[in-house]
**Q** 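I have a structure here, written as structure tokens, and I will follow up with some questions on it.
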There are 2 protein chains.
Amino acid sequence: MELEDAKRKFIESWGKLGSEWGINRTMAQVHALLLISPDPLTTEEIMETLSISRGNANMTLRDLIGWGLIEKQHKPGERKEYFFADKDVWNIAKQVAKERRKRELEPVIKVLDELSKVTGDANDPEFSTFNKSVTDINKLAKNVDKTLETMLGAEESWFWGGIFKLFK
Amino acid sequence: MELEDAKRKFIESWGKLGSEWGINRTMAQVHALLLISPDPLTTEEIMETLSISRGNANMTLRDLIGWGLIEKQHKPGERKEYFFADKDVWNIAKQVAKERRKRELEPVIKVLDELSKVTGDANDPEFSTFNKSVTDINKLAKNVDKTLETMLGAEESWFWGGIFKLFK
DNA sequence: TTAAACTTTCAAAACTTTTTGAAAGTTTAA
DNA sequence: TTAAACTTTCAAAAAGTTTTGAAAGTTTAA
């Protein structure tokens, strides 16, 4: 396969994966493009390469900055803004985990805590089934939360060495 | 909070979480409803409770069966089909992980393997940046895959004991 | 057989999300 | 100042996804 085809395929696959996991396809594609670009790119170049509008490019780039996945760069003597992605896969995974934890896991835990407090008659199957499911899911969510907290604070080494060894 | 409000809130939150993670909102809601129902429910009851159409209910129930999250049940002497959800949170997590691994992770690894094979001039920054990103992501994906494989085959105990202890 | 009870299908409609692009806003150099 | 270069905004349009509901299909009991 030619390098150019490979690049296109990478961008396409990354976009597809993103959309399957609730991340806007264009955002994932812009990220993919910057991941494989040796040099920072301008909004213009990104619009051109991915055939997207200026507005879309601008919003997507701001979102990516919000996720901590890319940064702006200024070249001396130039007006244009350049964008580049952090290429360190461990940082990327960490950033994504951190953001989703904050945006999605935390609000869910808040609701589950609230729902765990609901009281009722332990002999009422309606109540006891509700209560058991909610408290079990709450325990799981808190476990995942703790795990992420620990992982995000941990060193990089275990990550590349193989997470899986820990489960053997 | 009243039990009925709490149920509604649980269904709503589960639906929202699902949609943020690329799972159809209705599917997550039907799952939530069955999770907190002590007894199996008919299509009719599900349609009624969630105010959804017969077609939607039918398709969603079949999808949930496809994900291994719910099962059909027949009551002796009745024509209607009843549905109930596995209430074991460990099984649910396992099922979801297993399915997403098969549906999404595996295809991505296949593409990454293919893209890792692309050859080029190591002095060409276009090639070497592409190559580094692709091989790094491939390594990560394979690591995650191995980890899931091990976790899915492992015993339940570590799960409730606290995954996070492993990372301390 | 027949027909009632129930399930499945799928094209069209409703809804949601994403994208566009032109206008407004901002910054910089002269 | 001014105006050119560039960035941001946002209402409307397009695209994508989900839902509906009526019709077709299936199963069962008599």
Side-chain angles (χ1 to χ4, degrees), chain A residues 11-34 40-67 70-84 100 103-104, chain B residues 11-34 40-67 70-84 100 103-104:
Chain A
I11 291 168
E12 185 199 309
S13 302
W14 207 235
K16 187 167 172 245
L17 186 67
S19 69
E20 285 166 342
W21 284 86
I23 286 152
N24 173 336
R25 211 185 82 249
T26 304
M27 189 167 140
Q29 287 184 338
V30 171
H31 185 224
L33 172 61
L34 290 173
L41 301 178
T42 60
T43 303
E44 213 76 34
E45 291 169 311
I46 293 165
M47 286 165 57
E48 173 88 358
T49 313
L50 302 177
S51 309
I52 60 174
S53 71
R54 184 173 302 283
N56 195 8
N58 183 269
M59 281 191 157
T60 299
L61 288 166
R62 290 204 295 121
D63 281 354
L64 282 169
I65 292 173
W67 278 75
I70 68 169
E71 284 179 46
K72 279 187 187 176
Q73 197 173 63
H74 285 281
K75 292 206 176 176
E78 287 214 51
R79 291 281 295 282
K80 282 197 284 281
E81 290 180 327
Y82 286 78
F83 299 90
F84 73 100
R100 296 205 86 153
R103 297 175 193 208
E104 291 143 23
Chain B
I11 291 168
E12 184 200 308
S13 301
W14 209 235
K16 188 169 171 244
L17 187 67
S19 70
E20 285 166 342
W21 284 87
I23 286 152
N24 173 336
R25 209 185 82 251
T26 304
M27 187 168 142
Q29 287 184 339
V30 170
H31 185 225
L33 172 61
L34 291 173
L41 301 178
T42 61
T43 303
E44 214 75 35
E45 290 169 311
I46 293 165
M47 286 165 57
E48 173 87 358
T49 313
L50 301 177
S51 310
I52 60 173
S53 72
R54 184 171 301 284
N56 194 6
N58 183 270
M59 280 193 160
T60 299
L61 288 166
R62 289 204 297 120
D63 280 355
L64 281 168
I65 292 172
W67 277 76
I70 68 169
E71 282 178 48
K72 278 187 186 177
Q73 197 172 62
H74 285 280
K75 292 206 176 175
E78 288 214 50
R79 290 280 295 283
K80 282 195 285 279
E81 291 179 326
Y82 286 77
F83 299 90
F84 73 99
R100 297 205 84 153
R103 297 175 193 209
E104 291 145 21

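So you know, we letter chains A, B, ... as the sequences are listed, proteins then strands, and number each from 1.
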**Q** Looking at residues at least two apart in the chain, or sitting in another chain, which of them share a side chain to side chain contact (heavy atoms under 4.5 Å, CB included) with B:Tyr82?
**A** B:Pro40, B:Thr42, B:Gln73, B:Lys75, B:Glu78, B:Lys80
**Q** Take the protein atom NZ of B:Lys16 and the nucleotide atom P of C:dT16, then report the distance between them rounded to whole Å.
**A** 15 Å
**Q** Do you know which two heavy atoms are closest between B:Gly18 and B:Ala28, and how far apart they sit?
**A** CA-CB, 4.2 Å
**Q** Minimum heavy-atom separation for B:Ile65 to B:Lys72, with atom names?
**A**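 That closest heavy-atom pairing would be CD1-CG, 3.9 Å.
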**Q** Send over the distance from A:Asp63 CG to C:dT17 P, rounded to a whole Å.
**A**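 It works out to 14 Å between those atoms.
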**Q** Between B:Asn58 and B:Arg54, is there a side-chain heavy-atom distance shorter than 4.5 Å?
**A**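 No, their side chains stay 4.5 Å or more apart.
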**Q** A:Gln29 has an atom CD; how far is it from atom C1' of C:dT19, in whole Å?
**A**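 One finds 13 Å between C1' of C:dT19 and CD of A:Gln29, rounded.
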**Q** To the nearest angstrom, how far is A:Gln73 atom CD from D:dC6 atom C1'?
**A** 18 Å
**Q** Answer whether the closest heavy-atom distance between the side chains of B:Trp67 and B:Arg100 falls below 4.5 Å.
**A**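 A side-chain contact under 4.5 Å exists here.
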**Q** Residues two or more places apart in sequence or in another chain: which of them pass salt bridge (Lys or Arg N to Asp or Glu O under 4.0 Å) with A:Glu48?
**A** none
**Q** Separation of A:Glu78 atom CD from C:dA29 atom P, in whole Å?
**A**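 That distance rounds to 12 Å.
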**Q** Quick one: closest heavy-atom pair of B:Phe83 and B:Leu34, and the distance?
**A** O-CD2, 3.4 Å
**Q** Could you grab the distance from atom OG1 of A:Thr60 to atom CG of A:Leu50, nearest 0.5 Å is fine?
**A**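 It is 9.5 Å, given to the nearest 0.5 Å.
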**Q** To the nearest Å, how far apart are B:His74 NE2 and D:dT26 C1'?
**A** 13 Å
**Q** With the criterion being N/O to N/O and under 3.5 Å, what pairs connect the protein with nucleotides 12-17 of chain D, and how long is each?
**A**
none

**Q** Is there any protein nitrogen or oxygen under 3.5 Å from a nitrogen or oxygen in nucleotides 7-11 of chain C, and what are the pairs?
**A**
| from | atom 1 | to | atom 2 | distance (Å) |
| --- | --- | --- | --- | --- |
| C:dT7 | OP1 | B:Glu81 | N | 3.1 |
| C:dT8 | OP2 | B:Asn58 | ND2 | 2.3 |
| C:dT9 | OP2 | B:Arg62 | NH2 | 2.5 |

**Q** Tell me the closest heavy-atom pair linking A:Met27 and A:Asp63, and the distance in Å.
**A**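 So the two residues come closest at SD-CB, 3.8 Å.
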**Q** Runs of at least three consecutive Watson-Crick or G-U pairs, both distances under 3.5 Å, are what I'm after; which ones involve DNA chain D?
**A** C:1-30 with D:1-30
**Q** Tell me: CG of B:Leu61 to C1' of D:dT18, nearest whole Å?
**A** 15 Å
**Q** Check every strand shown and say whether A:Thr42 touches a base, only sugar-phosphate, or nothing at a heavy-atom separation below 4.0 Å.
**A**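 Counting heavy atoms under 4.0 Å across all strands, no contact is made by A:Thr42.
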**Q** Sorted by first residue and then second, give each side chain to side chain donor-acceptor pair (under 3.5 Å) pair with at least one member in residues 17-30 of chain A; sequence neighbours left out.
**A** A:Trp21-B:Glu104
**Q** Looking at side-chain heavy atoms only, is the closest gap between A:Thr43 and A:Glu81 below 4.5 Å?
**A**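 No, every pair of side-chain atoms sits at 4.5 Å or beyond.
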